[in-house]
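Working notes, structure below.
Being a predicted model, the structure only gives us computed values, none of them experimental.
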Amino acid sequence: MNTIICKVDSENQKNYIDVFTKAAEIIKSGGLVAFPTETVYGLGGDGLNPKASEKIYKAKGRPSDNPLILHISHISELDNIVCEINENAKKLIDQFWPGPLTLIFKKREIVPKQTTGGLDTVAVRFPENKVANMFIKMCGTPIAAPSANTSGRPSPTRASHVEYDLSGKIDMIIDGGHCEFGLESTIVDVSGNDIPCLLRPGSVTLEMLKEVLGEVNVDKAIVGKLSAGEKPKAPGMKYTHYSPSADVVIVRGNDDDIVRTINEFVAKANAEGFKTGVIATEENKDKYNNTDVLVVGTKSEPATIGANLFKMLRKCDYHGVEKVFAEGLKEDELGLAIMNRLKKAAGYSIIDV
Ligand code: TXA
Ligand code: MG
């Protein structure tokens, strides 16, 4: 299959109309279009067409028990796909939609089981990104979209990342530049009448959720590795994720200890003949010796780290790095989401110093 790649130029009215018209035609005929959102690029298909959902799983190489998120372009589309919107859901919608927050509801009959991985709940998100919004609106149907990466690889935050993973497997990529937040949306389960539960941390932080809801439960899968037999509430959280080909090790502690320990590991790995790299913060980047230093952002502005993390994990592969050492961060506010992704990339290989 030939994958068309179209850059969106908001200054050029004709380009704008042409790109979205083409994308909508593809979706209506059951095809797949990757598109930017403020979190990561999504791989979109008609969420009410079971065949399109099946194609999404196939293109990503994703297990079909891992449900997809339905993306809408206006609040009014919600009633058609979910059964009940309780008070907690309403509060979150008022505060955070459109934006990087996905909510889990009981699904209506119209949403096929293929889209929800067999579950009777459905995940819904209303993205804020203008390109995403225009694309969904033009399609006239909720868009099922997982992150547009090959299953297990870091999520794409640039059109070039999608091209690297999925070129030849999907119909079209809409290139709308880089994604603002760079981490997938926060997921909260509001499908029951009990206390809402955080299933995946993101740029809408636990602290922000608590401010609106008071009490929020946190799924155990978020901070640590589950033991055999335990299941995360978001099926996707059980899979290895975000992994570059390299081995990733996280080093946690105070800055001086982190730098000293990473330099020791690098020296040892270099001596064993491995190509090494360090995922470093701006604050420490000049303190590493004889290694590929990949600067991810600054601790004084964690959002810069969130925006660049997946790009840097991909860079490790592009540079042929075999052993990567990453600086650990504090696990509060945005640090909870960043460390959640980093821990999965590292297969929970963490050293506390
Ligand atoms: O930011 C995002 O959420 C991006 C953009 C494209 O919107 N999408 C995304 O999709 O990250 P994906 O498929 O990579 O991750 C969706 C997660 C998975 O962990 C999945 O198991 C969980 O959402 N999920 C989906 N439906 C669910 C449901 N009904 N109940 C529990 N978890 C659900
Ligand atoms: Mg994903």
Side-chain angles (χ1 to χ4, degrees), residues 37-40 42 47 67-111 115-116 119-130 132-133 136-137 142-147 179-223 232-237 302-303 306 331-341:
T37 79
E38 66 273 28
T39 57
V40 299
L68 308 174
I69 297 174
L70 281 187
H71 296 68
I72 57 175
S73 61
H74 194 268
I75 299 273
S76 59
E77 294 157 44
L78 188 60
D79 272 339
N80 190 34
I81 50 181
V82 313
C83 287
E84 191 205 333
I85 306 165
N86 62 29
E87 281 312 308
N88 285 323
K90 282 184 190 147
K91 283 185 198 162
L92 293 175
I93 288 171
D94 276 353
Q95 189 69 31
F96 300 114
W97 275 10
L101 175 70
T102 295
L103 297 174
I104 311 281
F105 299 93
K106 291 213 170 65
K107 82 172 188 69
R108 281 199 194 274
E109 199 65 29
I110 189 175
V111 180
T115 299
T116 64
L119 299 176
D120 54 16
T121 52
V122 62
V124 185
R125 175 155 124 73
F126 175 4
E128 184 166 34
N129 179 287
K130 286 204 169 64
N133 189 266
I136 301 163
K137 201 167 271 165
I143 296 294
S147 48
C179 303
E180 182 189 349
F181 294 111
L183 297 171
E184 306 89 340
S185 60
T186 304
I187 303 180
V188 179
D189 187 346
V190 285
S191 66
N193 287 320
D194 35 359
I195 299 164
C197 185
L198 176 65
L199 305 188
R200 181 173 73 182
S203 298
V204 173
T205 64
L206 181 58
E207 290 81 354
M208 288 156 76
L209 294 169
K210 281 185 176 161
E211 210 159 286
V212 174
L213 296 173
E215 233 178 332
V216 181
N217 287 334
V218 176
D219 191 35
K220 224 178 133 189
I222 286 176
V223 274
K233 292 203 175 102
M237 298 291 274
E331 288 176 60
D332 61 359
E333 300 185 339
L334 193 58
L336 182 66
I338 295 169
M339 284 298 284
N340 169 265
R341 308 310 194 272

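Checked by atom type and distance alone, the side chain of E207 pairs as donor or acceptor with a backbone atom of E333 at under 3.5 Å. Without hydrogens or angle criteria, S185 side chain to L101 main chain gives no donor-acceptor distance under 3.5 Å. In this structure, the side chain of R200 does not engage the main chain of T186 through any donor-acceptor pair within 3.5 Å. The backbone N or O of E38 sits nowhere less than 3.5 Å from a side-chain atom of E180 that would complete a donor-acceptor pair. Proximity of a side-chain donor or acceptor of H71 to a complementary backbone N or O of I69 within less than 3.5 Å is detected. In this structure, N133 contributes its side chain and E128 its backbone to no donor-acceptor pair below 3.5 Å. With N217 contributing its side chain and P196 its backbone, the two residues share no donor-acceptor pair below 3.5 Å.
To the nearest 0.5 Å, the span separating OG1 on T102 from CZ on F96 amounts to 13.0 Å. Between the CG atom in L336 and the CD atom in E331 there is a gap of 6.5 Å [rounded to 0.5 Å]. Atom NZ of K107 sits about 5.5 Å away from atom CD of E109, to the nearest 0.5 Å. Considering CG of L199 and CD1 of I104, their distance stands at 5.5 Å, rounded to 0.5 Å. Taken from CG in L70 to CD1 in I136, the straight-line distance is 10.0 Å, to the nearest 0.5 Å. Within the model, atoms CG of D194 and CD of E215 stand 11.0 Å from one another, a figure rounded to the nearest 0.5 Å.
Taking both residues in full, the closest heavy atoms of I338 and G306 are given as CD1-N, 3.8 Å, listed atom of the first, atom of the second, then distance. Here the closest heavy-atom approach between residue S147 and residue V40 is recorded as CB-CG2, 3.9 Å. Scanning all heavy atoms of the two residues, the minimum distance from I81 to P142 falls at CG2-CG, 4.0 Å. Of all the heavy atoms in P67 and L119, the pair that sits closest is CG-CD1, 3.9 Å. For P127 against A132, the heavy-atom pair with the smallest separation is CB-CB, 4.2 Å. Annotation for D79 and R108: closest pair O-NE, 2.7 Å, computed over non-hydrogen atoms.
Inter-residue side-chain proximity for P100 and E184 is flagged as unmet; no heavy-atom pair is nearer than 4.5 Å. Looking at heavy atoms from C-beta onward, V124 lies in side-chain contact with I72 at the 4.5 angstrom threshold. For the pair F126 and I93, the minimum side-chain heavy-atom distance is 4.5 Å or more.
Under the 4.0 Å criterion applied to side-chain N and carboxylate O atoms, E211 and K91 are not assigned as salt-bridge partners.
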### Query
Which is it for F181 and L334 under the side chain to side chain contact (heavy atoms under 4.5 Å, CB included) test, yes or no, and what are the steps along the way?
CA-CA 11 Å; F181 294 111; L334 193 58; over 6 Å; no
### Message
Using side chain to side chain contact (heavy atoms under 4.5 Å, CB included), reason through L198 and I222 one step at a time and then give a plain yes or no.
### Response
CA-CA 8 Å; L198 176 65; I222 286 176; 3.7 Å; yes
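Using modelled atom types and a 3.5 Å distance limit, the side chains of T39 and R125 yield a donor-acceptor pair.
In this structure, the side chain to side chain contact (heavy atoms under 4.5 Å, CB included) partners of A89, at least two apart in sequence or on a different chain, are I85, N86, F105, V190.
The residue from L92, N88, V204 that alone fulfils the side chain to side chain contact (heavy atoms under 4.5 Å, CB included) condition with V212 is L92.
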